[in-house]
2 protein chains.
Amino acid sequence: MTARASRGRRPGAPDTRAEVLAAARASFAEKGFRGTTIRAVAASAGVDPALVHHYFGTKDDLFVAALQIPVDPREVLAPVVAAGPDGAGERLLRTFLGVWDDPEVQPALVALVRSIMSDDTGALVRDAFIPVVIGPALASLVADRPEARVPLVVSQVVGLIVTRYVVAIPPMVAMPAEEVVARIGPVLQHYLTDDLP
Amino acid sequence: MTARASRGRRPGAPDTRAEVLAAARASFAEKGFRGTTIRAVAASAGVDPALVHHYFGTKDDLFVAALQIPVDPREVLAPVVAAGPDGAGERLLRTFLGVWDDPEVQPALVALVRSIMSDDTGALVRDAFIPVVIGPALASLVADRPEARVPLVVSQVVGLIVTRYVVAIPPMVAMPAEEVVARIGPVLQHYLTDDLP
DNA sequence: CGCACAATTCAACACATGATGAAAAACGTC
DNA sequence: GACGTTTTTCATCATGTGTTGAATTGTGCG
């Protein structure tokens with residue numbers, strides 16, 4: 001019930017901009033792009049809608065601002081790739097969970113995935129992200145025929161993302177990271193290096 | 001450029017209702033619930049928006065009408081479950097693909113999944129569908145500790161759904177059903193019956 | 001203190017959308 | 001052929017949304 005009514009600047013030095021950005025991230029993560037309204041973000045930050053426009057311009061701009069996260073997939077994957085194919089499945093999964101379980105970046109990543117799957121931004125993943133970023137990284141880890149193995153790895157990882165972070169089915173959320181690594185890691189390893197039927 | 005202008009009933013006996021329903025299914029599958037507008041559905045069916053309301057009432061009603069599909073998961077899963085745990089992974093996957101690759105039901109299923117992941121209908125899957133429908137069916141196929149195994153199976157199957165039908169990444173779409181069965185089936189079997197680490 | 005500047009709200013516009021009710025045209029039946 | 005019924009469009013409304021510009025209040029600097 002923090003009744004905020006008066007016009008003009010607030011006393012003190014509150015970082016209102018950061019609050020708005022956090023509210024936007026949370027809303028984009030939970031409701032997706034279309035489901036998020038500027039008014040709702042403003043209300044959740046205890047602020048007038050016009051202020052959102054003042055800081056971040058249009059709604060699209062707000063969205064890309066909310067997706068700004070300090071994680072470059074190629075950089076994160078580099079050490080995993082450098083260590084070679086032995087035990088790559090578990091290493092891959094461990095670093096992956098290290099990023100996704102970080103509460104600092106999780107909302108932005110979930111928002112990104114939600115938008116990819118609800119709106120037709122799917123093309124971005126389909127045509128650019130996987131072939132350009134993920135594909136080459138995994139390609140040096142697979143035994144052979146990467147065009148057949150990479151999609152399998154991706155499918156299991158995507159399933160993990162959706163069940164653990166997007167839909168958040170309870171047993172998957174409750175599972176400790178190391179347990180996920182121990183149970184799914186071998187499957188990734190299997191997709192990467194075992195003989196294909 | 002089929003200029004349709006005149007008022008009143010059309011000559012002939014066109015099944016306009018079915019066309020509207022098909023357009024709605026396609027739009028819900030591609031753009032999700034929020035992304036679908038009554039006007040767009042009407043335009044895609046070459047019809048006035050009011051007609052959509054005339055046949056199916058509100059937008060929610062149209063959505064549930066679009067989701068009406070002649071497939072009961074328990075009924076489909078019954079024979080798979082009845083045959084016991086031996087080779088259950090591949091059988092499960094085969095019948096699963098039989099349903100999802102059917103172009104008659106695919107749009108409705110994709111629409112359902114899209115809505116589950118974009119809007120917060122996720123609760124439906126999280127709290128009802130998996131525990132009540134999928135859980136008990138799989139429970140009789142697993143070796144032990146179903147609460148640990150079922151989520152693993154679900155994660156791989158969800159990953160398959162998303163990559164093959166929702167985001168539709170090309171290598172996954174192009175893969176023949178039997179190849180999917182041969183490559184992912186053993187992994188499901190592993191989750192169902194192999195020793196858990 | 002005075003003043004430029006930043007932060008914040010208010011009021012309003014333009015637009016798209018879901019929904020409604022009445023009117024017009026074809027059909028089926030007697 | 002007359003008539004009730006179904007199918008279809010038109011015109012319209014209320015609402016929520018993104019966006020804009022002006023007005024107001026606090027902060028920091030000279």
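Note that this is a predicted model, so its numbers are computed, not measured.
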Stepwise salt bridge (charged side-chain N to carboxylate O under 4.0 Å, His left out) test for A:R94 and A:E178: CA-CA 8 Å; A:R94 207 181 327 264; A:E178 269 311 312; 2.8 Å; yes
Any residue of residues 18-25 of chain B with a heavy atom less than 4.0 Å from an atom of DNA chain D: none
Qualifying residues under side-chain hydrogen bond (donor to acceptor under 3.5 Å, both in side chains), relative to B:D144, sequence neighbours excluded: B:R149
Name all pairs fulfilling the ring-ring contact (aromatic ring centres under 6.0 Å, His included) condition that reach into residues 152-185 of chain B, sequence neighbours left out, sorted by first residue then second. B:W100-B:Y165
Could you grab the distance from atom CG of B:D61 to atom CZ of B:F56, nearest 0.5 Å is fine? 10.0 Å
Report the residues that fulfil side-chain hydrogen bond (donor to acceptor under 3.5 Å, both in side chains) with A:Q189, sequence neighbours left out, ordered by chain and then residue number. A:T193
Where at least one partner belongs to residues 74-95 of chain A, residue pairs that pass ring-ring contact (aromatic ring centres under 6.0 Å, His included), sequence neighbours excluded: none
Interatomic distance, A:L196 atom CG to B:E179 atom CD [nearest 0.5 angstrom]: 8.5 Å
In whole angstroms, how far is the P atom of C:dA22 from the CG atom of B:L51? 18 Å
Side chain of A:R39, base of D:dG16: donor and acceptor closer than 3.5 Å? no
For C:dA19, does either OP1 or OP2 sit under 4.0 Å from a side-chain N or O belonging to B:T58? yes
Let me test you: for the helix from C:dC1-D:dG30 to C:dC30-D:dG1, what is the angle between the axes at its two ends (five pairs each), rounded to 10 degrees? 0°
